[in-house]
Trainee: 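This is the structure, below, for whatever I ask next.
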Amino acid sequence: MAVQCWEALLKSSKKTALIHDGKRKIHYLFADGKEMAEEYDLTSDDLIVRKWRSKNPLGAPGQWQIEIGEPVAALASVDSEMIKENFSNPIFLRQDTKTTFQWRIRNLPYPKEVFSVSVEPSERCCVVKTSNKKYYKKFGIPDLDRCQLPLDCSVLTFTHANNTLIISYKKPKEILTLEHELLRELKKLKGTGEGDADCKTQ
């Protein structure tokens with residue numbers, strides 16, 4: 001039932017489409033004032049970016065919060081020495097595939113045997129930790145939360161290569177169906193080929 005509720009919210013939101021730089025950019029405005037922006041690759045239809053924004057207590061737009069895609073690095077405002085110092089810190093990001101939710105944690109130079117990745121159903125999160133106690137992180141799967149679907153440890157896998165831990169969670173059929181139907185609807189939107197990359201909806 002919750003899947004249908006989320007689907008209904010998406011369909012009832014006010015949407016603006018923009019075709020720009022080889023991407024289909026969709027801006028959603030929900031009835032409660034929240035905004036969601038997504039970017040799809042025009043060739044592969046892969047979802048590259050999803051971010052959210054809410055209004056602050058004064059009613060002004062807040063900062064965008066990245067759910068999927070590269071984290072925004074405000075390098076221009078950061079001291080160059082600090083950049084060098086933090087360059088090797090772990091970088092956590094989500095990059096989904098057609099069939100899996102997928103996260104990458106860069107700059108983790110440990111062998112695969114050191115890592116443990118598990119699901120905590122009661123807390124609705126995944127947990128990454130290392131036996132050498134060098135890294136620990138909890139993260140949720142917002143897509144499952146929005147649709148109120150359970151977490152399943154049997155579909156969670158991970159691998160490690162080039163100092164990067166890659167965690168994959170197989171998408172349940174309810175999510176696959178929803179994403180397929182949503183993409184079909186988005187392709188029907190008449191998108192402009194000009195304008196600011198940050199779509200505006202009044």
Side-chain angles (χ1 to χ4, degrees), residues 2-3 6 34 36-41 44-54 62-180:
V3 178
W6 172 237
K34 286 185 179 179
M36 181 174 77
E38 293 183 328
E39 297 181 13
Y40 293 83
D41 184 278
S44 65
D45 287 333
D46 287 341
L47 178 60
I48 305 169
V49 172
R50 178 187 290 144
K51 55 187 179 179
W52 290 85
R53 181 167 69 177
S54 301
Q63 295 292 317
W64 284 105
Q65 301 297 316
I66 304 293
E67 181 177 313
I68 298 175
E70 293 279 348
V72 178
L75 296 179
S77 63
V78 181
D79 181 79
S80 59
E81 290 303 314
M82 190 179 297
I83 294 174
K84 293 176 183 177
E85 182 180 343
N86 295 333
F87 187 73
S88 62
N89 284 352
I91 298 172
F92 179 88
L93 68 150
R94 178 173 157 187
Q95 292 179 323
D96 288 0
T97 70
K98 287 284 198 308
T99 58
T100 64
F101 303 122
Q102 192 171 94
W103 301 265
R104 294 170 182 263
I105 311 176
R106 299 172 182 159
N107 299 330
L108 290 179
Y110 315 117
K112 182 182 177 181
E113 305 76 50
V114 167
F115 295 97
S116 169
V117 182
S118 60
V119 166
E120 293 291 344
S122 61
E123 297 185 40
R124 296 195 59 80
C125 69
C126 300
V127 179
V128 180
K129 55 186 175 182
T130 58
S131 58
N132 60 9
K133 303 188 185 304
K134 295 290 187 180
Y135 187 80
Y136 180 90
K137 186 171 184 66
K138 286 184 177 182
F139 60 93
I141 307 179
D143 309 69
L144 299 186
D145 291 340
R146 286 189 286 265
C147 295
Q148 295 181 25
L149 294 171
L151 274 71
D152 182 359
C153 61
S154 69
V155 297
L156 183 69
T157 60
F158 71 95
T159 186
H160 186 268
N162 301 317
N163 291 341
T164 300
L165 185 70
I166 302 171
I167 304 164
S168 300
Y169 186 104
K170 186 178 178 181
K171 295 177 180 177
K173 63 181 185 299
E174 295 91 342
I175 295 292
L176 293 173
T177 300
L178 174 62
E179 291 181 344
H180 176 75

Trainee: Search all heavy atoms of C126 against all heavy atoms of V119 and return the closest pair with its distance.
Mentor: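 Taking C126 first and V119 second, the nearest heavy atoms are SG-CG2, 4.2 Å.
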Trainee: Mind checking salt bridge (Lys or Arg N to Asp or Glu O under 4.0 Å) for E174 and listing every partner two or more places apart, or none if nothing turns up?
Mentor: none
Trainee: Restricting to pairs with a member in residues 152-173, which pass salt bridge (charged side-chain N to carboxylate O under 4.0 Å, His left out), not counting sequence neighbours?
Mentor: K171-E179
Trainee: Side chains of L144 and Y169: closer than 4.5 Å at any heavy-atom pair?
Mentor: yes
Trainee: Working note: V49 + I68, criterion side-chain contact (heavy atoms from CB on, under 4.5 Å); need CA distance, chi angles, decisive distance, verdict.
Mentor: CA-CA 5 Å; V49 172; I68 298 175; over 6 Å; no
Trainee: Does any non-hydrogen side-chain atom of L149 lie less than 4.5 Å from one of V3?
Mentor: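 Yes, at least one pair of side-chain atoms sits under 4.5 Å.
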Trainee: Drop me the distance from W64's CH2 to K51's NZ, to the nearest 0.5 angstrom.
Mentor: 6.0 Å
Trainee: Can you tell me how far the SG atom of C125 sits from the CD1 atom of I141, to the nearest 0.5 Å?
Mentor: 9.5 Å
Trainee: Grab the two heavy atoms, one from P71 and one from I91, that are nearest each other, plus how far apart they are.
Mentor: CG-CG2, 3.9 Å
Trainee: Could you list all the ring pair (Phe, Tyr, Trp, His ring centres under 6.0 Å) pairs where at least one residue sits in residues 118-164, not counting sequence neighbours?
Mentor: F92-F139, W103-F139, F115-H160
Trainee: Answer whether the closest heavy-atom distance between the side chains of L165 and V128 falls below 4.5 Å.
Mentor: yes
Trainee: Can you confirm whether T157 sits close enough to T159 that some side-chain heavy atom of one is under 4.5 Å from a side-chain heavy atom of the other?
Mentor: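 No - every pair of side-chain heavy atoms lies 4.5 Å or more apart.
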Trainee: According to side chain to side chain contact (heavy atoms under 4.5 Å, CB included), who are the partners of P109, at least two apart in sequence or on a separate chain?
Mentor: N163
Trainee: If the condition is ring-ring contact (aromatic ring centres under 6.0 Å, His included), which residues does Y40 pass it with, not counting sequence neighbours?
Mentor: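 For Y40 there are no ring-ring contact (aromatic ring centres under 6.0 Å, His included) partners, ignoring immediate neighbours.
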Trainee: With sequence neighbours excluded, what pairs up with D46 under the salt bridge (Lys or Arg N to Asp or Glu O under 4.0 Å) test?
Mentor: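 D46 satisfies salt bridge (Lys or Arg N to Asp or Glu O under 4.0 Å) with K98 only.
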Trainee: Should V127 and S118 count as side-chain neighbours, where that means a heavy-atom distance under 4.5 Å?
Mentor: yes
Trainee: Say you draw a straight line from CG of D96 to CD1 of I175; how long is it, rounded to the nearest 0.5 Å?
Mentor: 10.0 Å
Trainee: Residues in side chain to side chain contact (heavy atoms under 4.5 Å, CB included) with S116, at least two apart?
Mentor: K129
Trainee: Got a sec, which residues hit salt bridge (Lys or Arg N to Asp or Glu O under 4.0 Å) with D143, two or more places apart in sequence or on another chain?
Mentor: R50, R94, R146
Trainee: On a heavy-atom basis, which atom in G62 and which in R53 lie closest, and how many Å separate them?
Mentor: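 Closest approach of G62 to R53, heavy atoms only: O-CD, 2.8 Å.
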Trainee: Can you confirm whether more than 12 heavy atoms, excluding those of N132, are under 6.0 Å from its CG atom?
Mentor: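 Count over threshold, so yes.
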Trainee: In chain order, what residues pass the ring-ring contact (aromatic ring centres under 6.0 Å, His included) check against Y110, with sequence neighbours excluded?
Mentor: none
Trainee: Between L47 and E38, is the side-chain contact (heavy atoms from CB on, under 4.5 Å) condition met? List the steps.
Mentor: CA-CA 7 Å; L47 178 60; E38 293 183 328; 3.8 Å; yes
Trainee: Mind checking what makes side chain to side chain contact (heavy atoms under 4.5 Å, CB included) contact with I48, not counting sequence neighbours?
Mentor: K23, D41
Trainee: Are any of the side-chain heavy atoms of L156 and S168 separated by less than 4.5 Å?
Mentor: no
Trainee: Only pairs at least two apart or in different chains count here, so list each salt bridge (charged side-chain N to carboxylate O under 4.0 Å, His left out) that has a residue in residues 99-108.
Mentor: E70-R106
Trainee: Sorted by first residue and then second, give each salt bridge (charged side-chain N to carboxylate O under 4.0 Å, His left out) pair with at least one member in residues 108-124; sequence neighbours left out.
Mentor: E123-K138, R124-D145
Trainee: Would you name the heavy atoms of I105 and P90 that are closest together and state the gap between them?
Mentor: CG2-CB, 4.2 Å
